[in-house]
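Given the structure is predicted, the values throughout are model-derived calculations rather than measurements.
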Amino acid sequence: MKRTQNHPQNMLAHRTFTLIELLVVIAIIAILASMLLPTLNKARARAKVINCTANQKNIATGMLLYTNDFNGQLPTHWGLGLSNGGIRYSSTYWMWVLIKDYKFGKKVFDCTGNPHNKVSDSTANWVVGVGVDDAWKLVDNSRTNYCMNGQLLKSNPPWKPAGSGIGGKISRSNIPSRAIMNLEYSVPVFNDGTNYLNGYTIVYNTNINNLRDHYGMGISFGMIDGHVENLRFGQNPNKLFIFGRKETINEADPYFKTLWHIP
């Protein structure tokens, strides 16, 4: 008697997944995706921090190129009736010096890992992080990602003896590896003292327009000597400082403290 045999290939051809098997596969894929997604998001956020830190390094290098060409003087804008060493919160003069005279790309001033006030993004010729194209000042706060430390432009910091500031001359700083030249902040020129910088980080500020620490991943600081550090709130192993001279540091005064302190 002839026996009929089912060939294995014929059996595979008719084999199909049941609904339960399909649901199990989908569930496994969903679980794996949910496990990988936080890691991918964290890696993406970390990449943005690295890119932002690289921007800060380029900015610090550009500032030093400028000081090398101008006898050690940091860029100040004298054309808008500025006072106290060329300090004005809304002046983007230093940015446009780097863009026009040192051929910096405008995207160097745009940190995609930090939020910004989008109210003016639809304005004609508006450049994110810089302002109106080819203008030399901003008109409001919370519209920049990077900032020049205006405290370094002062010869006489508030409440301190005459001559205790560096007056914009980086050669007068006796702590160039600790004195902050550029930082991440919501206005183009920082002039607020340490206590305000503390208050504008995510730890104490929930306004999305003012967050400047990459949602807790750190703030980048460019120093007078050109190196860049990224610090999370509360971390400050090298005792970075807003002012340019060691004598100005006063740990008893919130305005003149090192980073960070609790407001």
Side-chain angles (χ1 to χ4, degrees), residues 49 52-53 55-57 59-60 63 74 84-85 87-92 94-95 109 111 113-117 129 138 140-154 157-160 164-166 168 173 175-225 227-246 248-263:
V49 172
C52 183
T53 303
N55 286 348
Q56 191 73 273
K57 176 62 177 177
I59 291 170
M63 297 287 278
L74 290 168
N84 200 0
I87 299 166
R88 182 167 176 170
Y89 289 107
S90 62
S91 176
T92 55
W94 66 274
M95 294 182 179
F109 302 98
C111 176
N114 261 327
H116 69 279
N117 190 326
L138 290 179
D140 199 359
N141 296 348
S142 302
R143 301 188 188 182
T144 62
N145 289 140
Y146 301 101
C147 183
M148 182 177 73
N149 180 12
Q151 294 291 351
L152 297 182
L153 303 179
K154 296 180 178 181
W159 315 308
K160 304 300 288 186
S164 56
I166 68 172
S173 174
I175 46 172
S177 64
R178 296 171 57 193
I180 297 167
M181 183 168 58
N182 294 90
L183 61 152
E184 294 179 69
Y185 203 58
S186 57
V187 293
V189 178
F190 178 84
N191 193 27
D192 287 328
T194 305
N195 49 339
Y196 277 87
L197 176 60
N198 290 356
Y200 269 77
T201 61
I202 193 173
V203 177
Y204 293 105
N205 197 307
T206 58
N207 183 346
I208 193 171
N209 294 323
N210 292 331
L211 305 183
R212 289 297 182 274
D213 67 342
H214 298 265
Y215 302 96
M217 299 187 73
I219 296 178
S220 62
F221 299 91
M223 317 308 294
I224 285 180
D225 68 354
H227 88 277
V228 173
E229 296 191 26
N230 186 277
L231 300 176
R232 291 186 180 184
F233 190 90
Q235 297 178 345
N236 190 19
N238 295 323
K239 294 187 177 181
L240 305 188
F241 193 56
I242 293 296
F243 293 89
R245 294 189 62 82
K246 186 176 181 180
T248 315
I249 300 174
N250 181 359
E251 296 295 346
D253 188 331
Y255 197 91
F256 295 99
K257 276 179 172 285
T258 52
L259 306 179
W260 304 88
H261 70 275
I262 305 301

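Separation of atoms NE2 (His227) and CE (Met181) is listed at 10.5 Å; rounding is to 0.5 Å. Put simply, CD1 on Ile59 and CG on Leu183 are 10.0 Å apart, with the number rounded to the nearest 0.5 Å. Distance check: Cys52 SG to Met217 CE gives 11.5 Å after rounding to the nearest 0.5 Å. Put simply, CD1 on Ile219 and CG on Asn114 are 8.0 Å apart, with the number rounded to the nearest 0.5 Å. Taking CG of Leu259 as the reference point, atom CD1 of Ile180 lies at 4.5 Å (rounded to 0.5 Å). Expressed to the nearest 0.5 Å, how far CZ of Arg232 lies from NE2 of His214 amounts to 11.5 Å.
Looking at residues two or more places apart in sequence or on another chain, you find a side-chain hydrogen bond (donor to acceptor under 3.5 Å, both in side chains) between Asn55 and Tyr146.
Heavy-atom minimum distance, Cys111 versus Glu184: SG-OE1, 4.1 Å. Looking at every heavy atom in both residues, Ser91 comes nearest to Val189 through O-CG2, 3.3 Å. For the pair Lys257 and Thr194, the tightest heavy-atom approach, listed with the atom from each and the gap, is O-OG1, 3.0 Å. The minimum heavy-atom distance between Gly129 and Thr144, with the atom names listed, is O-CG2, 3.8 Å. Between Val228 and Lys57 the shortest heavy-atom distance is CG2-CA, 3.5 Å. The shortest heavy-atom contact between Arg178 and Lys239 is NE-O, 2.9 Å.
Using a 4.5 Å heavy-atom cutoff, the side chains of Asn191 and Gln151 are in contact. Considering only heavy atoms from C-beta on, Met148 comes within 4.5 Å of Leu153 through its side chain.
Between the side chain of Asn149 and the backbone N or O of Ile242, at least one donor-acceptor pair lies under 3.5 Å. Under a 3.5 Å cut-off, the side chain of Thr258 and the backbone N or O of Phe241 do not form any donor-acceptor pair. Remark: the backbone N or O of Thr53 is not paired with any side-chain donor or acceptor of Ser220 at under 3.5 angstrom. A donor-acceptor pair under 3.5 Å is formed between the side chain of Asn182 and the backbone N or O of Cys147. A donor-acceptor pair under 3.5 Å links the side-chain atoms of Asn250 to the main chain of Ala252, judged by distance alone.
Residue Phe190 forms a ring pair (Phe, Tyr, Trp, His ring centres under 6.0 Å) with just one option from Tyr196, Phe243, Trp94, Tyr185, and that option is Tyr185.
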